[in-house]
Structure formats: structure tokens, C-alpha cells
Number of protein chains: 2
Amino acid sequence: MPKIVDKAKMRNDILDAAMCAFAEKGYHATSVSDVAVAAGLAKGTLYIYFDSKEAMTTAIVDRHFATLEDQIACGVTCSTLDAFLEDLHRTMDIPAEQASFHRVFFEVFGPSFASEAFTAHVARFFEGLGAHYAKQIAHLQELGEIAGHYHAASIGRMLASMMDGAVLHRGLFDISQRRHRRMIQETLAMLRAGLRSSPNRA
Amino acid sequence: MPKIVDKAKMRNDILDAAMCAFAEKGYHATSVSDVAVAAGLAKGTLYIYFDSKEAMTTAIVDRHFATLEDQIACGVTCSTLDAFLEDLHRTMDIPAEQASFHRVFFEVFGPSFASEAFTAHVARFFEGLGAHYAKQIAHLQELGEIAGHYHAASIGRMLASMMDGAVLHRGLFDISQRRHRRMIQETLAMLRAGLRSSPNRA
DNA sequence: AATTATTATGACCAGACAGTCATTAAAAGT
DNA sequence: ACTTTTAATGACTGTCTGGTCATAATAATT
């Protein structure tokens, strides 16, 4: 009897349209009506699928980070320090096009950092990334590839912050591929030496 | 005859109050009236000193970067690796209140990353920071405090990115002071070992 | 075709907000 | 004390936006 709609698909389509609109006009300059137009729906309809504008935003980020989390989750556990560093290398040495996503991300979602919920989502992702690194580090410590005196959790989380910084700068500022590569290489060499080394008596 | 006021000081005081209010409630959630209350003035008074809410915001960032640039410029040259690391420590271990600037920064200026000019401005700052670090590193290499095989410019610039990442995460996400301190300590220990070490034959 | 549960609509509302301006207060000089 | 110029005020306004809801459309089933 009733009209039936694929709600999941609808939500997804709406998010796509919202993302488009946000990217075009800027987040705060985009009203819910604008999103509705972009989605080819009436404003009221949006509120059937999302409780609020903020809920849409959160959902977009959710979706994006879920994808990233999957990528992390299926990362293999490394058995040598060099393999781990190679992993970091791959994460940092992203293609320019993917790097530019971050620019759009800040452009579109910068204002969203006002929202606790939004910030919490992003925070959770980086906690996950940090935990992932920590696990790898702990494992390598057991194998004697990394000095045992380091606190894996702390180093792991900081590595996540630092990777974020590196990737961000790569995406936001015009650092040439060549220069970026050299920076990565030098830095990884430093990390390699640092992680291997026994405790310093200072 | 006329009532006379130190306009520069007044502007500064207003910016302080505005920054406080923005940090507490979030930029978009803070009305000009809120800023007025925070400043202990009437709304209309603010418009004597600033043309618009946006003008206040721009002024805040200008001031912030000017301060940072000064701090870098008059940074003393370190003569030991530990002193240099101590410097990094100070930069990273910023008080929570100052860290909150970054949240507001992204909230307000996220969209501005669309502008080439704006991005270039921020980029220039980080180039400066990177160059500053590079100089320190090169100097410490001459003193034998840091292994000579590292490319100072690359490490310096990457350090700037990474510091940014670390400070950003500290400001954006709720990382406790205690945890943050531990992360810093562990990381600096790692950097210390890494920077000291002779080239790895890999 | 009639029925009915579901989905879609967009005019409408309440309230919030940036910015204005006529008025009042303050203080520096006479 | 009086004048004069600058500074401060806050009620007011026009606009805009997130969110609601009574009503209309839709399609699956009988």
C-alpha cells in the first residue's frame, strides 16, 4: 500500500548534494534550503531524513572517516621497522589530488569545529589512528625492532598528530612533490634511528 | 575639550575580549552583543572601533601571527641539542587557553583557505618557522650535536609541519595536559636519539 | 478503482543577529 | 561653570534561517 523508498540511498544522495553545496558556497553561507535545492527536494523532506543541519554535516564526516578507518583496519601488521616506516611513507606521500581534499575539508568543515559532536568525530578517528600506530609499535618492540623503553601509546598518538600535520601542510601549502619527498625521506631516517636506539642516559 | 581615549589600547582590549568570547562559545555562536558584554561595552561602541564583526576577526589573526613571528625572530640560537629540544617542548606544551585559538582559527578561517592570498600568508609563516628550525639544526650540526648527514632544510620544514600537527591536535581535541605532556616527552626523546645518531646503513 | 500507509511539500513561524542612529555622557580646555 | 568635541549607549530594524506542520502526492495492495 505505501510508497516505499530506499532510505539509505536517499540519505546518501542528500549527503552528496549537501557536500556539493557546501563546497560551492561555503558551509555557513549554505542554508538548508540551498541543500534542498541541490538535492532536488523540498526543505521539509530533508528533515525527514536528518534531524538538523548539523546532523547532515556530522553524517558527511562520519561517512568520510568510516572509509578512512576501513583503510587503516585492513592494514597489515608489520614485522620490521622498515616495513612500518614504509607504511608511514605511503600515508604521507599521497598524490596531490588527494592532498587537496584537506583544503576542501577545512574550507567546508572548518566552521564545523564549533560543534562538539563534529570535533568528537574527528577526534575519534585520530584516536583510532594513534591506537593503530601504537599497536604496530608495541608489536615491533616485542620483536626487538623498536627500543622497548618507549611508551607505545604516547608515541603512536603523537605520530598520528604529526602525520596529520605533514599531510595537512602538503595539501594546504604549495610544497613541491620533490621537496615533500625529500622531507619525508629525511624524517623517516630520523624516526628510524630514534625508534631503534636504546635509552639515552641524559 | 574633547574626551580622549587610547584607541590602540581600546582596540586591543576589544580583541582580547572577542577572542575570549569566541573561544568560549564558538565564533558563529558568538554575537557582537556577546563580544560587547565580554568587553564591558555597548554594542554600538564596538562599531566605533571596528567596521564589522569580520574586521574584528581579521584583526585578531593579524595580531596573532605578528606575535608568533616576533617570537620566532627573537628566538635565541641554541648551542646544545637538549636546549633545542627544550625549545620545541615549550612550543608544543602551550597552555590550553592559547591552544583554543586554533579551534577558533579553523572555525573562522577554514573557509578562507579558498583564498590563495590567505593560504599564502599562512604558508609564509610556516616557511619561516621551518627555516628557523633549519638554521638551528644546521648550527647544531656544526657543533656536532646533530648528525651531519641530515638535510637541515628538509628536517626543519618537516618539524614545522609536525609541530603544527601536534599543537593543532592539542587544541582541537580533548587531550589532557597529563597525556599531552607524556606524548611530548616520549617524542622528544625519540627525536633526540634520532637526530644524534650517525647514518644508518640500511 | 478504492484504500491506506508512507513520503513529499513549502508556506509559515519564532527568534536571532549584524549593523544603525538619535540621544546621552564624559572630559578637556576656556 | 560653560562650551565643545569626542566617545558611549542601547533600543530599534530589516533580514534571514533553522525548523515545523497541515496538507497533498505517491504507490503498493486489495
Side-chain angles (χ1 to χ4, degrees), chain A residues 1-61 108-118, chain B residues 1-61 104 107-112:
Chain A
M1 325 127 157
K3 181 178 176 183
I4 279 179
V5 157
D6 183 342
K7 284 170 194 161
K9 183 185 181 325
M10 200 70 173
R11 280 176 61 100
N12 247 297
D13 289 349
I14 290 173
L15 291 188
D16 287 340
M19 186 64 201
C20 254
F22 292 161
E24 194 138 335
K25 288 191 64 173
Y27 178 75
H28 265 90
T30 304
S31 68
V32 176
S33 301
D34 291 334
V35 174
V37 170
L41 296 168
K43 185 159 67 156
T45 310
L46 299 191
Y47 282 92
I48 294 172
Y49 293 93
F50 295 95
D51 288 345
S52 64
K53 188 185 184 186
E54 192 187 333
M56 278 180 225
T57 318
T58 309
I60 288 176
V61 177
V108 177
F109 289 104
S112 304
F113 276 106
S115 145
E116 287 293 333
F118 175 87
Chain B
M1 322 131 155
K3 181 178 176 182
I4 280 181
V5 158
D6 183 342
K7 284 170 195 164
K9 183 184 181 325
M10 200 68 173
R11 281 177 59 98
N12 246 297
D13 289 350
I14 290 173
L15 292 188
D16 286 342
M19 190 57 214
C20 252
F22 292 162
E24 193 141 335
K25 290 191 61 173
Y27 178 74
H28 286 278
T30 304
S31 68
V32 176
S33 300
D34 290 334
V35 174
V37 169
L41 296 168
K43 185 158 67 157
T45 310
L46 299 192
Y47 283 91
I48 294 172
Y49 294 93
F50 295 95
D51 288 344
S52 63
K53 190 184 183 186
E54 191 186 335
M56 277 180 224
T57 317
T58 309
I60 287 177
V61 172
V104 176
E107 207 186 316
V108 178
F109 289 99
S112 303

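In this text, all values refer to a predicted model and were calculated from it rather than measured experimentally. In what follows, every chain begins at residue 1, and chains take the letters A, B, ... in the order their sequences are listed.
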Residue among B/Lys43, B/Lys53, B/Lys25 satisfying salt bridge (charged side-chain N to carboxylate O under 4.0 Å, His left out) with B/Asp34:
B/Lys25

Just to be sure I understand the rule, does A/Phe50 reach a base, reach only the sugar-phosphate, or reach nothing, if contact means heavy atoms closer than 4.0 Å?
nothing

How close or far is atom P of C/dA26 from atom CD1 of B/Ile48, stated in whole angstroms?
14 Å

Look at the aromatic rings of B/His28 and A/His28 and report parallel, tilted or perpendicular, splitting at 30° and 60°.
parallel

Quick one: OG1 on A/Thr45 to CE on A/Met10, what's the gap to the nearest 0.5 Å?
7.0 Å

Distance check needed: C/dT6 P versus A/Tyr49 OH, whole Å only.
13 Å

Please report the distance, rounded to the nearest Å, between CG in B/Leu46 and P in D/dT9.
9 Å

Polar atoms only, N or O, under 3.5 Å: list the protein pairs with nucleotides 15-22 of chain D and their distances.
| unit_1 | atom_1 | unit_2 | atom_2 | d |
| --- | --- | --- | --- | --- |
| D/dG18 | OP1 | A/Lys53 | NZ | 3.2 |
| D/dG18 | OP2 | A/Val32 | N | 3.0 |
| D/dG18 | N7 | A/Lys43 | NZ | 3.2 |
| D/dG19 | OP2 | A/Tyr47 | OH | 3.1 |
| D/dG19 | OP2 | A/Lys53 | N | 3.0 |
| D/dG19 | N7 | A/Lys43 | NZ | 3.0 |
| D/dG19 | O6 | A/Lys43 | NZ | 2.5 |

How many angstroms lie between CD1 in A/Ile60 and CZ in A/Phe118, if you round to the nearest 0.5 Å?
9.5 Å

Run the numbers on B/Tyr49 and B/Met56 for side-chain contact (heavy atoms from CB on, under 4.5 Å), then give the verdict.
CA-CA 9 Å; B/Tyr49 294 93; B/Met56 277 180 224; over 6 Å; no

Mind checking B/Met10 for me? I need base, sugar-phosphate or nothing, with any heavy atom below 4.0 Å counting as a touch.
sugar-phosphate

Contacts of A/Asp51 meeting salt bridge (charged side-chain N to carboxylate O under 4.0 Å, His left out) (sequence neighbours excluded), chain-then-number -> none

Could you check how far CD1 of A/Ile14 sits from P of C/dT9, rounded to whole Å?
10 Å

